[in-house]
Amino acid sequence: MDIRSPLPYQARVGIDWADQEHEVFVRFASGDSYRRKIDSRPEAIQGWLLELRSACAEGKIAIALEQRRGALFYHLCTHLNWIDLYPINPHSLASFRKTFFSSRAKDDPVDSQLLEELVRTHSDRLRPYQPESPTERKLDLYCRHRRSLLDLATKTELKLISTLKQYFPLAVNLFAAVGMKSDIALNFLSRWPTLDELRRAKLHTVRSFFYAHNSRSQSLIEKRLQQISEAHNVTDDFALIEPLVLTTKCLVGQLRQFNQAIKEFDRKIKELFKSHPDHFLFESLPGAGEQLAPRLLSLFGSDRSRWADATDIQKYSGIAPVIERSGKSLWIHRRLSRPIFICQTFHEFAQQSTRFSSWADQLRARGKSHHSAIRALAFKWIRIIYACWKANKPYDESLYVQAIEKRNFSISSN
């Protein structure tokens with residue numbers, strides 16, 4: 001572990017943030033301290049920071065808080081020239097709290113004081129926040145927000161499917177292969193939101209619609225037209241149908257907006273990714289593609305001293321298992337506390353790699369359950385990516401396969 005001597009801070013601060021008010025506890029190097037509530041408005045926070053800056057005679061200040069994102073964190077990041085930020089994991093603070101308060105009761109004033117005590121007594125074990133380059137931070141946020149929008153779009157699509165199944169299930173069946181958030185499905189529902197309106201359309205009009213949306217398979221078109229001709233209404237109760245139609249139109253509009261925004265995110269991500277000097281390293285990974293390669297790049301970054309070894313990334317991402325020992329008992333399980341987005345990135349990449357890498361597909365097929373096998377594969381991929389990243393060399397499948405064959409031959413010879 002990297003043990004550093006405590007920095008000579010003029011003040012150490014613990015902030016228990018909240019939506020309306022933040023509880024702060026400040027202890028100066030002289031030993032004086034105070035506790036205060038400050039409003040969450042940027043103006044109030046800025047006024048308090050200027051007061052604190054003046055009281056510390058231009059010296060450095062350490063601030064601990066349970067946050068790595070959010071308005072307060074971003075505000076404090078604009079003053080990193082004189083502030084060292086220590087983001088504290090909520091689980092770490094909870095464990096520290098239970099050391100002194102066995103009742104497990106959470107109280108904001110106590111938490112702010114505990115955060116200050118934690119950074120004051122254990123600063124040698126804590127790592128201050130070091131921001132990545134603007135390009136990497138922007139790429140990371142674009143990737144995260146794109147994923148959030150995609151999740152919202154998926155929820156909206158499921159809501160649309162649920163709505164259609166109540167009065168127009170034919171539409172769901174017609175586009176089961178491409179999904180209801182595809183352009184062809186959304187345009188179809190905008191034009192014919194009910195079965196009655198669809199049946200009033202002429203046959204060549206419906207056929208022309210599919211042609212116009214690049215659905216040129218004659219067999220598929222004939223199958224769809226047959227489904228339309230054989231379909232029956234779920235109900236003819238307009239008291240039920242009309243509210244559902246209005247809901248469908250609303251959901252279709254939302255999905256259009258989501259699709260448009262996601263396309264813009266894709267364009268921005270591609271531009272940022274291509275402008276990064278290390279993009280060729282992650283493009284070489286089998287199965288990374290246009291979405292996972294930028295996400296992997298934003299995690300690793302360009303600072304080669306950021307990660308001491310691959311083990312740090314395996315543990316941080318939650319891919320490495322947890323080993324618990326008690327007496328003669330041994331229990332190995334997956335990490336429950338982990339950064340979800342980063343864990344998903346490695347999990348999804350490992351799964352995609354099985355389609356493009358022969359050895360990865362073979363490793364997955366060793367008798368484990370699906371998710372256990374994918375986590376084991378991701379664990380191995382992290383070591384490989386780290387080695388490529390550290391050496392600044394793109395991944396070469398042939399070289400790795402040769403290394404596996406050489407190792408297997410050496411084992412069989414012995």
Side-chain angles (χ1 to χ4, degrees), residues 1-132 134 137 303 305-306 316 337 339:
M1 181 176 291
D2 181 19
I3 304 296
R4 295 172 292 274
S5 59
L7 296 175
Y9 293 117
Q10 295 298 311
R12 293 177 176 83
V13 182
I15 303 181
D16 194 295
W17 68 277
D19 183 53
Q20 299 296 327
E21 288 185 323
H22 306 311
E23 180 76 32
V24 302
F25 181 83
V26 180
R27 186 184 300 275
F28 296 99
S30 62
D32 296 335
S33 63
Y34 70 80
R35 181 183 292 119
R36 180 187 303 176
K37 287 184 180 292
I38 57 174
D39 197 277
S40 61
R41 292 179 296 109
E43 299 81 8
I45 297 172
Q46 184 64 22
W48 170 72
L49 286 173
L50 291 175
E51 175 190 324
L52 187 63
R53 174 69 162 159
S54 176
C56 290
E58 306 299 317
K60 290 276 281 187
I61 295 170
I63 297 181
L65 71 165
E66 294 178 284
Q67 201 178 49
R68 289 193 71 90
R69 293 181 185 83
L72 175 61
F73 185 82
Y74 296 146
H75 194 137
L76 295 174
C77 282
T78 62
H79 301 280
L80 290 180
N81 58 321
W82 58 279
I83 289 176
D84 275 352
L85 273 179
Y86 288 88
I88 304 298
N89 189 302
H91 292 286
S92 300
L93 179 62
S95 298
F96 194 60
R97 187 192 307 119
K98 284 190 289 186
T99 303
F100 305 103
F101 303 96
S102 59
S103 66
R104 302 189 180 187
K106 184 182 186 304
D107 188 76
D108 289 351
V110 170
D111 275 1
S112 61
Q113 189 168 350
L114 287 175
L115 283 165
E116 182 277 329
E117 183 177 347
L118 191 59
V119 76
R120 172 166 48 87
T121 57
H122 299 288
S123 60
D124 58 330
R125 294 178 175 270
L126 300 175
R127 181 179 298 178
Y129 171 69
Q130 297 292 335
E132 297 82 16
R137 284 186 285 121
D303 182 7
S305 63
R306 181 181 182 184
Y316 173 72
S337 178

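Every value quoted in this text rests on a predicted model; they were computed, and no experiment measured them.
When all heavy atoms of A11 and V26 are compared, the closest pair comes out as CB-CG1, 4.4 Å. Heavy atoms only, all atoms of each residue included: E23 and R35 are closest at OE2-CG, 2.7 Å. The minimum heavy-atom distance linking L115 with A64 is given by the pair O-CB, 3.7 Å. Contact record, A55 with F28: CB-CE2, 4.0 Å, taken as the closest heavy-atom pair. Taking every heavy atom of both residues into account, R127 and P87 meet most closely at O-CD, 4.4 Å. Of all heavy-atom pairs between F96 and L114, the closest is CE2-O, 3.7 Å.
Remark: L93 CG to R97 CZ distance equals 5.0 Å, nearest 0.5 Å. Of the inter-residue distances, the one linking H22 atom NE2 with D39 atom CG reads 8.0 Å to the nearest 0.5 angstrom. Interatomic distance, CD1 of I63 versus OH of Y9, reported as 10.5 Å (0.5 Å rounding). The CD atom of Q46 lies 4.0 Å from the NE2 atom of H79; values are rounded to the nearest 0.5 Å. Atom CG of residue L118 and atom CD1 of residue I88 lie 5.0 Å apart, to the nearest 0.5 angstrom. The structure places CD1 of I15 at 11.5 Å from CZ of F73, a figure rounded to the nearest 0.5 Å.
When atom types are taken as modelled, the side chain of W82 and the backbone of I61 share no donor-acceptor pair closer than 3.5 angstrom. Checking side-chain atoms of S112 against main-chain N and O of D16 turns up no donor-acceptor pair under 3.5 Å.
Side-chain atoms of V13 and L65, non-hydrogen and from C-beta on, never get closer than 4.5 Å to each other. Side-chain contact between D303 and Q130 is absent, with no heavy-atom pair separated by less than 4.5 Å.
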* Asked: Do L52 and V24 pass the side chain to side chain contact (heavy atoms under 4.5 Å, CB included) test, and can you show the C-alpha distance, the side-chain angles, and the key distance before you say yes or no?
  -> CA-CA 12 Å; L52 187 63; V24 302; over 6 Å; no
* To do: Could you walk me through whether D84 and K60 pass the side chain to side chain contact (heavy atoms under 4.5 Å, CB included) test, one step at a time?
  => CA-CA 7 Å; D84 275 352; K60 290 276 281 187; 3.1 Å; yes
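Residues satisfying the salt bridge (Lys or Arg N to Asp or Glu O under 4.0 Å) test with E132, not counting sequence neighbours, are R306. Partners of S33 by side chain to side chain contact (heavy atoms under 4.5 Å, CB included), not counting sequence neighbours, listed by chain and number: F25, R27. Partners of E51 under the side-chain hydrogen bond (donor to acceptor under 3.5 Å, both in side chains) rule, at least two apart in sequence or in another chain, are R36.
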